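To keep things clear, I will list the structure first and then write my remarks on it.
Bear in mind the structure is a predicted one, so any value in this text is a computation, not a measurement.
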Amino acid sequence: MRAAFEKLLDGIRHANVDEVMSVYWNSPQLIIFNNNGTVTKGWEQVRANRVSLYAEVKDVKLEVRDVRLRMLGPNAALVTCLWTQSQTFRGTPESSSGRLTLVFQRIGGEWKAVHAHTSPEAPDPSRLMPSERPSATPKAKS
């Protein structure tokens, strides 16, 4: 399972659509929650989005840290990590960081990512409910 995760990371670093998509479950049921809050449904749409994006991307640098793997049984696993990515998109440098959760399932003897959820490391405070904002955290009683 770890090899499939590493293959995904390498594919992203090389902006290699085929390498990245070989890790995802080739099914209309594949669902990706994107870092920008959108949802992509189905392997074909995920692939089309990657083809479009990777045509415009150069010099991808991806750092992954705090990787945690949890087996959910003999045929399912959960991977979480923090990531930082920088790249050049249409000639303009950009960077982002966030959290990633991947659900892997053994399908036909291979580990495939059946779901991914990416979120920003530091979400826009204006999009958080007041109860979720850091200042709303209750203080411990002494």
Single-linkage hydrophobic cluster, 4.5 Å side-chain cutoff, [X] and [Y] together:
X	Y	result
Leu100	Val103	no
Met1	Leu9	yes
Phe5	Leu78	no
Val17	Val60	yes
Val51	Leu8	yes

- Query: Under 6.0 Å from the CZ atom of Arg68, do we count more than 12 heavy atoms belonging to anything else shown?
  - Reply: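 Result for CZ/Arg68: open.
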- Task: Evaluate the side-chain proximity of Gln105 to Lys112: yes if any heavy-atom separation is below 4.5 Å, no if none is.
- Result: no
- Query: What residue pairs, at least two apart or across chains, pass side chain to side chain donor-acceptor pair (under 3.5 Å) with a residue in residues 44-55?
  - Reply: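 As it turns out, the side chain to side chain donor-acceptor pair (under 3.5 Å) pairs with a partner in residues 44-55, which skip direct neighbours, are Asp18-Arg47, Gln45-Asn49, Arg50-Tyr54.
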- Counting N and O atoms only, with roles assigned by atom type, does the side chain of Arg13 sit under 3.5 Å from a partner on the main chain of Leu62, one being a donor and the other an acceptor?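 Yes; judged by distance alone, with no hydrogens or angles, the pair exists.
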- Query: Can you tell me if Asn36 uses its side chain to pair, donor with acceptor, with the backbone of Thr38 under 3.5 Å?
  - Reply: yes
- Message: Looking only at the side chains, is there a donor atom on one of Arg70 and Thr80 sitting less than 3.5 Å from an acceptor on the other?
- Response: no
- Note on the structure: Here the ring-ring contact (aromatic ring centres under 6.0 Å, His included) pairs for residues 101-123, sequence neighbours left out, are Phe33-His115, Phe33-His117
Compile the donor-acceptor pairs under 3.5 Å between side chains in residues 20-29 and protein atoms, sequence neighbours left out, one pair per line.
from  : atom 1 : to    : atom 2 : distance (Å)
Ser22 : OG     : Lys7  : NZ     : 3.2
Ser22 : OG     : Glu19 : O      : 2.8
Ser27 : OG     : Gln29 : N      : 2.9

- Item | Asp59 with Lys61: basic N within carboxylate O range, under 4.0 Å |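 No, Asp59 and Lys61 are not salt-bridged.
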